[in-house]
Number of protein chains: 4
Amino acid sequence: MPTPDPGRRNERARQAILRAALELLADSGYADLTVEAIAARAGVGKQTIYRWWRGKGAVILDALVESATAGAAALPDTGDLRADLRAVLRGTVAEFADPKLSATTRALTIETLSDDRLAEEVRDRLLRPQLAAVADRLRAARRAGQVRADVDLDQVVELLMGPVYHRWLLRTGPLTDDYADAVVELVLTAVAR
Amino acid sequence: MPTPDPGRRNERARQAILRAALELLADSGYADLTVEAIAARAGVGKQTIYRWWRGKGAVILDALVESATAGAAALPDTGDLRADLRAVLRGTVAEFADPKLSATTRALTIETLSDDRLAEEVRDRLLRPQLAAVADRLRAARRAGQVRADVDLDQVVELLMGPVYHRWLLRTGPLTDDYADAVVELVLTAVAR
Amino acid sequence: MPTPDPGRRNERARQAILRAALELLADSGYADLTVEAIAARAGVGKQTIYRWWRGKGAVILDALVESATAGAAALPDTGDLRADLRAVLRGTVAEFADPKLSATTRALTIETLSDDRLAEEVRDRLLRPQLAAVADRLRAARRAGQVRADVDLDQVVELLMGPVYHRWLLRTGPLTDDYADAVVELVLTAVAR
Amino acid sequence: MPTPDPGRRNERARQAILRAALELLADSGYADLTVEAIAARAGVGKQTIYRWWRGKGAVILDALVESATAGAAALPDTGDLRADLRAVLRGTVAEFADPKLSATTRALTIETLSDDRLAEEVRDRLLRPQLAAVADRLRAARRAGQVRADVDLDQVVELLMGPVYHRWLLRTGPLTDDYADAVVELVLTAVAR
DNA sequence: GGTTAACCGAGACGGTACGTCGCGTCTTTAC
DNA sequence: GTAAAGACGCGACGTACCGTCTCGGTTAACC
């Protein structure tokens with residue numbers, strides 16, 4: 001596969017494809033998200049998709065990365081760890097609770113579950129930055145003496161995010177701000193100094 | 001859907017189908033798990049599958065429920081909460097780490113992500129009993145004065161399981177016994193008295 | 001196959017099946033004429049059909065034979081050969097032109113085309129008597145000196161009926177009384193004395 | 001049905017499909033003539049068949065038209081009407097008597113009997129030209145004073161062909177050269193001058 | 001500023017699986 | 001033993017997408 005020359009790439013087509021994918025997901029969900037539907041809605045040939053992406057999973061990932069990068073990069077640090085963590089978890093919960101946004105995450109999750117390579121790219125390009133931002137905030141808190149020195153911060157991040165993903169994935173309960181706050185409280189009890 | 005008379009159901013066919021589904025998943029993964037393949041391996045007509053299940057997702061669920069019910073029902077209670085929770089999480093971690101068993105869970109997760117009805121059935125028939133068993137163990141510990149009285153035990157269960165699911169789903173790190181133990185430690189710090 | 005005992009046969013079921021077959025054909029044509037539909041409409045199990053008939057073709061044949069036998073057995077002989085032949089052909093033409101009756105013939109024809117055994121039974125039980133009746137009428141005419149002595153009367157019957165079947169089967173023109181009369185005229189020219 | 005652009009059509013696939021259909025009919029008869037079998041033998045996807053034809057009936061028709069057009073277009077005119085008509089009928093009889101060729105006609109007839117649209121196409125594209133050729137020969141004979149002026153030549157054609165089709169369809173007797181000659185004789189008696 | 005190679009839209013192609021329908025057989029229960 | 005009921009193994013149906021391919025028709029870089 002002779003990787004195509006990115007210099008010749010049609011930017012209009014690229015954006016139309018990413019947009020079409022997100023719109024289809026928001027409108028009709030994963031079931032109608034086919035490569036043919038994306039191509040048709042974007043007014044693009046199927047080959048143009050396969051030329052630049054490995055499949056629809058990669059398209060969703062790019063669309064998500066693009067819109068995520070447009071958003072926040074780092075976490076706010078108000079000095080109040082509890083408040084900052086609540087803001088993060090409430091944000092995550094809100095994202096999962098929103099049907100449109102959730103549809104995209106759901107679709108990407110399906111794709112990653114049967115495509116290891118995509119899973120790694122999602123982790124490295126989409127998840128790691130988000131989780132690292134939270135870890136950074138915790139690191140700052142530790143420096144400020146608000147967090148115990150003997151905990152692995154990456155594990156703490158997973159202790160925070162895990163329950164939210166669990167509840168989203170397995171539908172074990174409602175994804176509300178209260179739940180986000182409760183998780184923060186438990187985690188702080190475990191790691192605060 | 002005029003559900004057919006279960007009295008007329010062929011038990012041999014039912015078991016052959018469940019078995020075939022699990023074998024296919026163990027042998028070749030989700031990609032080769034088609035209704036046609038299940039039918040072929042089970043020596044059964046496709047219609048026999050569609051007569052009793054809504055699709056391959058429902059078949060996997062039944063297969064899993066059947067094999068789960070055969071296994072453990074309640075959690076052991078050695079009196080040592082830390083040890084018991086470690087055993088649970090190590091078991092979950094081991095299940096996720098095993099390629100064969102994990103393939104089944106992965107497949108079922110894919111199906112639930114695009115089938116709300118199936119998702120609810122998975123939650124109610126497969127997950128709730130497992131989570132309830134852990135909650136029961138925590139309740140016993142609380143009665144024994146080992147756990148704080150002011151925590152929601154269901155939330156604690158999610159605090160335990162969430163990180164493991166997170167790591168499995170998003171591949172953010174290795175699923176080892178050490179990780180299971182670390183999570184238990186953090187959670188105990190949060191809720192132990 | 002141990003031929004079932006006709007003595008135990010349920011006459012009500014037999015008639016319901018024949019009636020259901022004819023009704024289905026009249027109502028919705030060959031496409032909806034399935035063994036299952038016949039059984040359902042007749043309020044009968046499928047096995048009852050397969051116990052007594054080789055398939056739906058045989059059912060149609062029986063239904064047709066039953067209703068044909070109920071009708072005319074022999075041809076009228078008014079002494080006027082032309083008039084009598086016209087009556088026969090006009091009758092055949094009318095039958096073919098009628099959508100309900102034609103549907104039955106059409107269905108039976110389809111079945112015979114892929115079932116040699118059925119074809120022979122149709123010929124012997126349904127067609128031969130009809131054609132023989134016409135031949136008999138011609139024989140009487142020959143005795144009366146109205147028909148040449150050197151023609152094969154069976155061939156003359158086919159010369160009469162053939163064109164009508166041809167036009168029905170191949171839709172090469174309208175099936176009208178005029179056409180019936182025209183054929184009679186040509187045939188009489190060929191064989192009248 | 002948005003008929004696709006014929007300019008993009010793959011000629012190799014088209015011919016492979018027509019050939020496969022004829023071969024299947026010749027080899028194993030109508031029972032084994034399924035769209036799937038045609039596709040498999042032609043090395044083609046099923047969709048390629050459904051893209052260009054309405055079903056297997058249309059495929060058979062095209063195959064037959066193609067091979068018929070390759071053959072004779074008009075009838076020979078030796079000046080001897082009796083000889084020419086005998087040649088035509090003997091040809092038809094031979095075609096019907098040949099198992100391979102007859103299988104094709106039989107299959108097309110079945111299809112035609114449950115598909116009005118196909119029936120019209122068969123009549124217009126396959127039958128009409130053949131019947132018209134015979135009518136033309138009769139017209140020439142009439143111009144030559146060998147045929148009565150007051151007969152409808154199309155009716156005469158049906159008087160010729162009808163009995164042959166009748167005998168083929170209803171199996172009322174053997175399809176031999178003698179029978180062809182006998183029909184010609186009767187018809188000539190009716191229309192010769 | 002003309003050539004030429006890659007991209008582009010379009011969509012046909014060989015495939016695979018879908019979910020449905022009907023076949024003819026088998027099994028169960030009732031009469 | 002016949003009957004109603006209907007599940008069963010089977011196989012074809014016609015459809016939907018997959019990922020690849022081929023076809024003109026633009027571009028855009030390089031001579």
Side-chain angles (χ1 to χ4, degrees), chain A residues 2 4-10 12-13 16 31-40 42-52 54-56, chain B residues 2 4-10 12-14 16 31-40 42-52 54-56, chain C residues 2 4-10 12-13 31-37 39-40 42-52 54-56, chain D residues 2 4-10 12-14 16 31-40 42-52 54-56:
Chain A
D5 175 3
R8 287 181 168 271
R9 185 164 190 179
N10 183 335
R12 253 164 73 72
D32 288 2
L33 185 77
T34 66
V35 174
E36 297 198 333
I38 297 172
V44 137
K46 281 202 292 175
Q47 193 59 245
T48 302
I49 295 181
Y50 284 110
R51 181 152 35 230
W52 303 106
R54 290 199 316 116
K56 61 185 169 187
Chain B
D5 175 4
R8 295 195 165 277
R9 186 163 189 179
N10 183 337
R12 259 165 69 73
R14 194 189 126 265
D32 287 4
L33 185 78
T34 66
V35 174
E36 292 198 332
I38 297 173
V44 137
K46 279 201 287 179
Q47 196 59 50
T48 299
I49 295 181
Y50 285 111
R51 184 154 30 232
W52 302 107
R54 292 199 315 116
K56 60 186 167 187
Chain C
D5 176 1
R8 290 183 167 269
R9 184 165 190 178
N10 182 334
R12 254 162 72 73
D32 289 2
L33 186 78
T34 66
V35 174
E36 299 197 333
V44 138
K46 283 201 292 177
Q47 194 58 244
T48 303
I49 296 181
Y50 285 110
R51 181 151 35 230
W52 302 106
R54 290 200 313 117
K56 63 186 167 186
Chain D
D5 175 3
R8 293 194 166 277
R9 185 164 191 180
N10 183 335
R12 261 166 68 75
R14 195 189 125 264
D32 288 4
L33 186 77
T34 66
V35 174
E36 292 199 333
I38 297 173
V44 138
K46 279 201 287 180
Q47 195 58 49
T48 300
I49 295 181
Y50 285 111
R51 183 153 34 229
W52 302 106
R54 291 199 314 117
K56 61 187 168 187

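All values derive from a computational prediction rather than experimental measurement. Note on naming: letters A, B, ... go to the chains in the order of the sequence lines (proteins, then strands), and numbering restarts at 1 for each one.
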Want to settle it: does L33(C) or T48(D) sit nearer the 5' end of DNA chain E, counting the closest nucleotide to each?
-> T48(D)
May I have the distance from R12(A) (atom CZ) to dC7(E) (atom P), rounded to whole angstrom?
-> 18 Å
Nucleotide nearest P4(B) (side chain, heavy atoms from C-beta), chosen from dC13(E), dC18(F), dA7(F) | dA7(F)
Tell me whether the OP1 or OP2 atom of dA6(E) has a side-chain N or O from W52(A) closer than 4.0 Å.
-> no
Are R14(D) and W52(D) in a cation-pi contact, defined as NZ or CZ under 6.0 Å from the six-membered ring centre and within 45° of the axis?
-> no
Find every protein N or O atom lying less than 3.5 Å from an N or O atom of nucleotides 26-31 of chain F, and list the pairs.
none

Of G43(D) and A37(B), the one whose nearest nucleotide on DNA chain E sits closer to the 5' end is G43(D)
note: N10(B), atom CG; dG9(F), atom C1'; distance rounded to Å ~ 11 Å
Could one point to a donor on the side chain of Q47(B) or the base of dC21(E) with an acceptor on the other under 3.5 Å away?
-> yes
Rounded to the nearest Å, what distance is computed from the CD atom of residue E36(D) to the C1' atom of nucleotide dT15(F)?
-> 12 Å
When rounded to whole Å, the CD1 to P distance for the pair I49(C) and dA5(F) reads 12 Å
How long is the line joining OH of Y50(C) and P of dA4(F), in whole Å?
-> 15 Å
Counting only distance, no hydrogens or angles, is the base of dG9(F) paired donor-acceptor with the side chain of K46(B) under 3.5 Å?
-> no
